[in-house]
Amino acid sequence: MDYKSELKKRIILLRKNPASLYNDPENTLNALYITLKNINPWLADKILSTIKSKNFSTKMLDNLITEIYLNFINIDEPTFFSEINTPIEKIKGVGDKLKETLHSLNIKTINELLLFFPDRYEYISSGTSFDKKILIGQYHFHEYVKSKFGKSYLFVTFKTDNNKTFAGVWFNFNKKYPLPFLQSQERLNLYGEVKNFRGIMGIVHPEFVNDEEIDKIRVRYPVGSKIKNKTFAKLIKTAYENYSETIFDTLPFFIVDKYKFPHIRESLKGIHFPDNPSIVSQLNSFNSIYHKRFIYEELFYLQLGFIIKKHSYQKNNGIIFKIDNTFLEKIKPYIPFKLTASQKRVLSDIFNDMKSQNQMNRLIQGDVGSGKTIVAFIAALVAILNGYQVTVIAPTEILAEQHFLNFNKLMGNSFKSVLLTSSVKKSEKQLIKNKIKENSVDFIFGTHAIIQDDVEFKNLGLAIIDEQHRFGVLQRKALCDKGINPDILLMSATPIPRTLALTLYGDLDVSTIDELPPGRRPVETRAFNEKESQTILKFMKNEILKGNQVYVVYPLIEESENLDLKAAVTGYEKLSNVFGKDNIGLLHGKMKSDEKRIIMEKFKNKEIKILVSTTVIEVGVDVPDATVMVIQNAERFGIAQLHQLRGRIGRSDKNSYCYLIYSDKIGEDGLKRIKAMEKYSDGFKLAEIDLEMRGPGDFFGVRQSGLPTFKFSNIVRDYKILVDAREDALKIVENDPYLEKPEHKILKQVLLEKWKNEIDLIKVG
């Protein structure tokens, strides 16, 4: 007898129709036990223990059947996700038009429909202890009343069954609505916030509710105007009723037990069809036990994917770099200043990675001006002295060129370096590519141009990616593929709070440079209303008289690029009238590379005193004598941008000043950002504030970072759950790195089927 085939058939039948399991668990489990004894004694013993314990709860039975199923299903076979991934059009009543609408909401399967959660819950109570109330009555009388502002409103009185009067008030009305409707109804339930109007109780623009909605929780879905809420709720109900038996818990039973999570079916029911008014506030804040179950699952599988990927590339055979005292002695002459303790600590991390047989994947975090670049250059010299090529890729030509010039300034003619950007002439570009391919160049600086298919490295050993959050994950992967497991060093001057670092960089080793080089003075930051421009001009004149220089920065937002550029040009002209045209330069993104280079050279050489610019100088520009940063319309910048711009000054031992100029149109968020900038100079503190204000979805260009789109989680709100999920995932991978234990098979299955796309690219950071 083929016990395995027999068992598989039985399990599949039980999963599709578990009635016999629930109605007669003891006999059903006994039959499974007899078959399993001949195949898997471990699972057979587990069934026997369950029979003896008499614990036949639905949750226990479901977990047991799922565990047996996962032990005998092959990875390439249809699994327990197959039925729940049925196309949405299989639901009765979903035609082509509704299907198209659902697809536009990213709902293509039953699973996606059931995991499309409400965003608002409201208990429609007949009682009097709630903010909103129900007033029940029949139309009695109406009149049009003129308000003190000269506009008319519709005032309608209603009579209750015991002849009391209340009112409905409409400021927006027409001939068709609401009067004809009110007059045609025998009895109406008006719902809303009750206020006193003309001496009687009344509701402004009341909502009309049906009798069956009263004393029930109403669920609202974020579907906009694409589909009626009532229609959508009905679809959810149909899907749940017809497919809930095919939904099996995607968390292992030991996790479910640890956190006392309800079963996945119960959680879905609690989210879509709640019946307990006391938890409405929890539901609205995503803080119910039902929501927590899905939040945990989402964060847990993300962390599990990160940790498994990290474990896998730690097994990658990387380059074993030789680092000894003779190498370090050769490097010393190129370092013009003493490294800080923090820089030395980070270098030690990097050297340990480079010496190991595993591929390095390390992120250097550090505030603006903390000295990340020199640390990266030292690592680069080690790679070059080992006979390998090194590349540095930066998001802008200005920054790539800055790195190129700084490197050559430090190294003189000791090493061969090239700069490859899109503005390099075609003929020169081909010569550079040939040198890279032939290994006749050590150090390759550049922008996205380095990633192009026709750029071939002979012997790439180290890839350094600066301002790495500005690159999409696919671009980073393309760079890594230029060599055979080259070491990867990422740099970011955008401090990432720990909250987000766990999510963005869960698979990377992170080193932080948390002190500034000696001699640097903190930048004094002050905010001014745009009407105080004369005060700012006075400050600027004083600094210029001292021999110092000034940046004046205007915002540049793509949607209004021409308008913003015009503001910068107008500002340039006004300042030219005050300080003289010869003393001022203008820099913006639409200028050719050569023009930008000439302007920057003039500013560095102090040929011009004031540089008027859009945000192209946000990163990388290093002018020690620039002591003033004036940021116009500061409310239009994010905290990260403001902090980066402030980092362009204070790069010497001189006192430096950042002036944030805001307009009268400043909003509450803009004011918060500016106040935070005045109060804090610590980039990590500012990053925490920024994350809290903006949320994770739009934090420092996260959208292009390879971070999965969260359906349920908010990593600020759910940070504690994130930490718990990570700890659980770490323990699992430490004990079972390949998820081979029977109780972990469900984890492998879920990762492969539900999270494959999200974790495929995690390796490249």
Side-chain angles (χ1 to χ4, degrees), residues 367-369 396 398-399 401-402 493 520-528 530 532-533 535-557 564-565 567-576 578-589 591 595-652 654-662 674 677-678 681:
D367 221 334
V368 280
T396 65
I398 285 182
L399 184 51
E401 187 178 351
Q402 177 100 10
R520 289 278 177 93
R521 294 193 182 187
V523 175
E524 185 183 321
T525 304
R526 292 176 64 188
F528 292 89
E530 60 188 358
E532 300 174 89
S533 58
T535 306
I536 304 301
L537 288 174
K538 189 179 174 184
F539 285 140
M540 289 166 65
K541 281 177 184 174
N542 287 341
E543 284 301 301
I544 288 167
L545 286 171
K546 292 178 192 173
N548 297 326
Q549 292 168 280
V550 177
Y551 291 106
V552 180
V553 178
Y554 286 82
L556 183 59
I557 298 166
D564 289 325
L565 191 52
V569 171
T570 305
Y572 165 74
E573 288 167 354
K574 282 181 181 176
L575 289 170
S576 297
V578 178
F579 294 96
K581 205 159 192 172
D582 292 343
N583 290 317
I584 301 180
L586 176 64
L587 190 70
H588 57 77
M591 293 168 70
E595 292 176 304
K596 288 181 194 173
R597 193 177 295 114
I598 290 165
I599 292 292
M600 279 311 303
E601 283 301 318
K602 282 186 174 181
F603 192 57
K604 282 180 188 175
N605 297 333
K606 300 189 78 169
E607 292 171 42
I608 52 178
K609 306 290 190 297
I610 300 169
L611 181 63
V612 178
S613 171
T614 55
T615 50
V616 290
I617 56 99
E618 183 184 336
V619 290
V621 178
D622 191 2
V623 180
D625 284 325
T627 58
V628 177
M629 171 64 69
V630 178
I631 304 174
Q632 298 284 353
N633 291 110
E635 74 277 5
R636 290 176 64 187
F637 293 85
I639 286 180
Q641 267 189 313
L642 291 171
H643 186 59
Q644 288 277 7
L645 288 167
R646 180 167 62 185
R648 296 303 104 221
I649 58 171
R651 302 180 83 83
S652 66
K654 295 181 178 182
N655 291 328
S656 296
Y657 310 91
C658 178
Y659 300 125
L660 307 174
I661 317 300
Y662 60 89
I674 285 171
M677 286 292 296
E678 279 190 296
S681 58

>> Let's go through Gln632 and Phe637 carefully: what are the C-alpha distance in whole Å and the side-chain angles of both, what is the deciding distance for side-chain contact (heavy atoms from CB on, under 4.5 Å) to 0.1 Å, and is it a yes or a no?
In response: CA-CA 10 Å; Gln632 298 284 353; Phe637 293 85; over 6 Å; no
> So which heavy atom on Ala568 is nearest to which on Thr614, and how close?
Replying inline: CB-CG2, 4.2 Å
>> Restricting to non-hydrogen atoms, name the atom on Val523 and the atom on Gly650 that form the minimum distance, rounded to 0.1 Å.
In response: CG2-CA, 4.0 Å
> So Asn548 and Asn542, side-chain contact (heavy atoms from CB on, under 4.5 Å) or not? Walk me through it.
Replying inline: CA-CA 9 Å; Asn548 297 326; Asn542 287 341; over 6 Å; no
>> Angle between ring planes, Phe528 versus Tyr659, binned at 30° and 60°: parallel, tilted or perpendicular?
In response: perpendicular
> After noting the C-alpha distance and the side-chain angles of Ser652 and Asp625, does the key distance pass the side-chain contact (heavy atoms from CB on, under 4.5 Å) rule?
Replying inline: CA-CA 7 Å; Ser652 66; Asp625 284 325; 5.6 Å; no
> About how many Å separate CZ of Phe579 and CG of Leu537, when rounded to the nearest 0.5 Å?
Replying inline: 5.5 Å
> Rounded to the nearest 0.5 Å, how far apart are CD of Glu530 and CD1 of Ile536?
Replying inline: 11.5 Å
> Among Val578, Val552, Leu545, which residue meets the side chain to side chain contact (heavy atoms under 4.5 Å, CB included) test with Met540?
Replying inline: Val552
> Distance from Ile598 atom CD1 to Leu587 atom CG, nearest 0.5 Å?
Replying inline: 11.5 Å
> Is the shortest heavy-atom distance from the side chain of Val628 to the side chain of Ile649 under 4.5 Å?
Replying inline: no
> Taking the side chain from Gln549 and the backbone from Phe603, do they hold a donor-acceptor pair closer than 3.5 Å?
Replying inline: yes
> After noting the C-alpha distance and the side-chain angles of Leu611 and Met600, does the key distance pass the side-chain contact (heavy atoms from CB on, under 4.5 Å) rule?
Replying inline: CA-CA 9 Å; Leu611 181 63; Met600 279 311 303; 3.9 Å; yes
> Are any side-chain N or O atoms of Arg648 and backbone N or O atoms of Tyr551, one a donor and one an acceptor, separated by less than 3.5 Å?
Replying inline: no
> More than 12 non-hydrogen atoms from neighbouring residues, nucleotides or ligands closer than 6.0 Å to NZ on Lys606, yes or no?
Replying inline: yes
>> Do Tyr572 and His588 make a side-chain contact, defined as non-hydrogen atoms from C-beta onward lying under 4.5 Å apart?
In response: no
> Got a second to check how far Ile584's CD1 is from Lys574's NZ, nearest 0.5 Å?
Replying inline: 13.0 Å
>> With a 4.5 Å cut-off on side-chain heavy atoms, are Tyr662 and Arg636 touching?
In response: no
>> Less than 4.5 Å apart, side chain to side chain, heavy atoms only: is that true for Leu575 and Asn583?
In response: no
>> Just verifying a value: how many Å separate Tyr554 OH and Ile661 CD1, rounded to the nearest 0.5 Å?
In response: 9.5 Å
> Out of curiosity, Ser681 OG to His643 NE2, how far, rounded to the nearest 0.5 Å?
Replying inline: 7.5 Å
>> Can you confirm whether more than 12 heavy atoms, excluding those of Asn605, are under 6.0 Å from its CG atom?
In response: yes
>> I'd like to check the salt bridge (charged side-chain N to carboxylate O under 4.0 Å, His left out) partners of Glu543; sequence neighbours left out, ordered by chain and number.
In response: Lys546
>> If I compare all heavy atoms of Pro555 with all of Asn633, which pair ends up nearest, and what's the gap?
In response: CG-CB, 3.9 Å
>> Quick check on side chain to side chain contact (heavy atoms under 4.5 Å, CB included): which of Lys604, Glu607, Met591 does Ile599 satisfy it with?
In response: Met591
